[in-house]
Student: 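The structure's right below; bear with me while I get my questions together.
Worth saying up front: this structure is predicted, and the values here are computed from it rather than measured.
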Number of protein chains: 2
Amino acid sequence: MSDRKHLHLRLAVDLAILTVREELLQVLVIERAHDPYQGKLALPGGFLRDGENLSEAATRELREETDLDGNSLHLEQLKTYGDPGRDPRGRVVSVAYLALAPDLPIPRAGSDARSAHWAPVTSVAGTLAFDHDTILKDAVERARGRLEYTTLAAAFCQKRFTIGELRRVYEVVWGIPLDARNFNRKVLHTEGFIESTKEKRSQDTGRPAELYRRGTAQWLRPPMMRPPTADEKR
Amino acid sequence: MSDRKHLHLRLAVDLAILTVREELLQVLVIERAHDPYQGKLALPGGFLRDGENLSEAATRELREETDLDGNSLHLEQLKTYGDPGRDPRGRVVSVAYLALAPDLPIPRAGSDARSAHWAPVTSVAGTLAFDHDTILKDAVERARGRLEYTTLAAAFCQKRFTIGELRRVYEVVWGIPLDARNFNRKVLHTEGFIESTKEKRSQDTGRPAELYRRGTAQWLRPPMMRPPTADEKR
DNA sequence: ACAAAAGTGTTCCTTCTACACCCATGA
DNA sequence: TCATGGGTGTAGAAGGAACACTTTTGT
């Protein structure tokens, strides 16, 4: 029944897994064990299997590359990349997914023995295999936008987190400092963004901070304002 | 070189072409000439061809179904749909594109003799072939969001348009009335949204309105505020 | 003259911005 | 006691929401 006159191809699912780690926006990369691009860094991914839908494939790849189940992080479809020639092995179209993860215990190497590790986005940008530089650029852009309009910044945090940690997420992802007082007010006055637990957490130094958990709100209305990117008037 | 152990499939590109027409949000649908779903309405689309990238395929389909070149409207990738079983002919993954078009001269029938026509979104929702109801729902949601944060409302208008026409785009896509005075102020004070031509346009009745063209700005900052969708507090 | 759509101003309120000090803890 | 990060209030500015009347044309 399959119509032979149309192009047949393979479908890959690639993951841009972002986290905030050591005050930097980092991405999970693997070192490619085989050609093409042997030894180069790339985003984790793999081919779609029979009977699997796209988000199942993304979740499976995620599990294979990290110790995480898809429940403990945010996973959304990013964009699909299908230029002919993007994969030297033949016609491969890739559906990219964006994951926002808390600062994980170091991911184990993937089951296929490729070594997976975190790398700062700025240090791998421009060096990835295939068209993964483009995917990563789009992923970072999407993540930046998500912080403006949604409550997804909390997806970068552990189950319990302080407002300072949440603010650091914004500062690291946007690459700009924010006013702590204004940020606190905004976050606390946005119904459903974060919920107070009664706990506090002490650190090496400084006053212990109150711990919060994610609220139920999905959207930030009005959005979290991001200062103009230096191409703004007035 | 093609690795046979991985799933091979066909890739479709489907188009959700939206316009504002007769005070309604309408979508271009075709009546399917062949099985599966013969006689049912569906979004226009087709299979990816050899050597073609995704946006080329989308532009080609657009040209085949309407008289438009891709230049005179906005075309963006929407989302990719790949559930197994979404197409009874076999494994087909579809990359959906969203187009925002001005009120076009009635589109010609597609070259493959399927009749293409505009239909109000509300009247076809829930009746389309394949998973096109889902695609259309996502397309409308994306379009609604685009109006909030970008200047793309003008993509629904002709080259020259009045502020009233632009406001009607918002009202029709969002399904709510807007205050004309506040809308005028917002639009005129947002640098680069619209540019004044010195022309005016008379209609059957009423005072002639000044004509504008699209400006160069891509983003609306701050965004155009959309009243809460009735699941808001306070 | 009248019907129809365009255009215009002000007040109030909310939210953003900028800014400086005290608090609670560990070393 | 000091170093460190947490937490708080206020005044000014900008933008959003609500609201009614005058202007310009065709008939």
Side-chain angles (χ1 to χ4, degrees), chain A residues 22-23 147-149 157 160-172 174 176-191 193-194 196-212 217 219-229 232-234, chain B residues 23 147-149 157 160-172 174 176-191 193-194 196-212 217 219-230 232-234:
Chain A
E22 293 161 1
E23 306 282 295
L147 296 203
E148 291 190 71
Y149 305 118
C157 298
R160 300 297 156 90
F161 55 90
T162 69
I163 299 187
E165 288 168 346
L166 188 64
R167 176 165 44 83
R168 238 157 280 133
V169 167
Y170 276 91
E171 293 177 328
V172 166
W174 284 354
I176 51 165
L178 295 180
D179 183 276
R181 286 162 295 186
N182 293 337
F183 184 85
N184 275 31
R185 220 166 358 88
K186 170 77 178 177
V187 163
L188 290 170
H189 288 189
T190 301
E191 196 76 22
F193 194 169
I194 57 177
S196 168
T197 72
K198 299 284 186 138
E199 312 158 60
K200 287 178 190 278
R201 176 199 296 160
S202 289
Q203 318 158 77
D204 309 3
T205 180
R207 172 175 171 176
E210 183 159 3
L211 289 172
Y212 295 83
W219 299 94
L220 281 183
R221 310 229 336 221
M224 184 78 68
M225 288 302 193
R226 169 157 54 153
T229 339
E232 211 85 13
K233 67 222 94 280
R234 192 191 280 279
Chain B
E23 305 282 296
L147 296 204
E148 291 191 71
Y149 305 118
C157 296
R160 302 296 157 91
F161 54 90
T162 69
I163 298 186
E165 287 167 347
L166 188 65
R167 176 165 43 84
R168 237 157 280 132
V169 167
Y170 276 90
E171 294 178 327
V172 166
W174 284 355
I176 51 166
L178 295 179
D179 183 276
R181 285 161 297 184
N182 293 338
F183 184 84
N184 276 30
R185 223 170 354 90
K186 172 76 177 177
V187 163
L188 289 171
H189 289 188
T190 301
E191 196 76 21
F193 194 170
I194 57 175
S196 169
T197 72
K198 298 284 188 142
E199 313 159 58
K200 287 178 190 276
R201 175 198 296 160
S202 289
Q203 317 159 79
D204 309 3
T205 179
R207 173 176 170 174
E210 184 158 1
L211 289 172
Y212 294 83
W219 299 94
L220 280 183
R221 310 232 333 226
M224 184 77 67
M225 289 302 192
R226 169 158 54 154
T229 339
E232 211 84 13
K233 68 225 95 276
R234 192 192 281 278

Student: Please compare P223(B) and L188(A) by the position of their nearest nucleotide in DNA chain D and report the one closer to 5'.
Tutor: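 Whichever sits nearer the 5' end wins; that is L188(A).
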Student: What is the minimum heavy-atom distance between R168(A) and E23(A), and which atoms define it?
Tutor: CD-OE2, 3.1 Å
Student: Just how far, in rounded Å, is C1' of dG5(D) from CD of E171(A)?
Tutor: 13 Å
Student: At what distance, to the nearest 0.5 angstrom, does CD1 of I194(A) lie from CG of N184(A)?
Tutor: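 So the CD1 of I194(A) and the CG of N184(A) are separated by 8.0 Å.
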Student: Taking the six-membered ring for Trp, is the centroid-to-centroid distance between F161(A) and Y212(A) below 6.0 Å?
Tutor: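 No; Y212(A) has its ring centre 6.0 Å or more from that of F161(A).
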Student: F183(A) has an atom CZ; how far is it from atom P of dC16(C), in whole Å?
Tutor: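 Distance, rounded to whole Å: 12 Å.
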Student: Just the rounded figure in Å: distance from P of dG16(D) to CZ of R181(B).
Tutor: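 To the nearest whole Å, that distance equals 16 Å.
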Student: List, with names and distances, any nitrogen or oxygen atoms from the protein found under 3.5 Å away from nitrogen or oxygen atoms belonging to nucleotides 1-4 of chain C.
Tutor:
from: dA4(C); atom 1: O4'; to: T205(B); atom 2: OG1; distance (Å): 3.1

Student: Could you tell me the separation between the CZ atom of R185(A) and the P atom of dG9(D), rounded to a whole number of Å?
Tutor: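 One finds 10 Å between P of dG9(D) and CZ of R185(A), rounded.
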Student: Quickly work out the E191(A) CD to dT14(C) P distance and round it to whole Å.
Tutor: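 It is 16 Å, rounded to the nearest whole Å.
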Student: Measuring only between side-chain heavy atoms, which start at C-beta, is W174(A) closer than 4.5 Å to E148(A)?
Tutor: yes
Student: For dG16(D) and K186(B) - does any side-chain N or O of the residue sit under 4.0 Å from the phosphate oxygens OP1/OP2?
Tutor: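 It does, given that an N or O in the side chain of K186(B) lies less than 4.0 Å from OP1 or OP2 of dG16(D).
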Student: Round to the nearest Å and state the distance from L178(A) atom CG to dC19(C) atom P.
Tutor: 15 Å
Student: Using side-chain heavy atoms (C-beta onward) and a distance below 4.5 Å, is R226(A) in contact with Y170(A)?
Tutor: no
Student: Will you find, in the side chains of E210(A) and T162(A), an N or O donor that is under 3.5 Å from an N or O acceptor?
Tutor: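 Note: E210(A) and T162(A) side chains miss the donor-acceptor criterion.
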Student: Quick check on DNA chain D: between M225(B) and S202(B), whose nearest nucleotide comes earlier from the 5' end?
Tutor: M225(B)
Student: Check every strand shown and say whether R168(A) touches a base, only sugar-phosphate, or nothing at a heavy-atom separation below 4.0 Å.
Tutor: sugar-phosphate
Student: Would you mind telling me which residue lines up with the more 5' stretch of DNA chain C, E165(B) or N182(A), judged by nearest nucleotide?
Tutor: E165(B)
Student: Do NZ/NE/NH1/NH2 and the carboxylate oxygens of E165(A) and R201(A) come within less than 4.0 Å?
Tutor: yes
Student: Under 4.0 Å, heavy atoms only, any strand: does D179(B) hit a base, just the sugar-phosphate, or nothing?
Tutor: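 Here D179(B) touches the bases of the nucleic acid.
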Student: Nearest whole angstrom, please: distance from the C1' of dT15(C) to the CZ of R221(A).
Tutor: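 One finds 15 Å between C1' of dT15(C) and CZ of R221(A), rounded.
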Student: Roughly, in whole Å, what's the span from CZ in R201(B) to C1' in dG26(D)?
Tutor: 16 Å
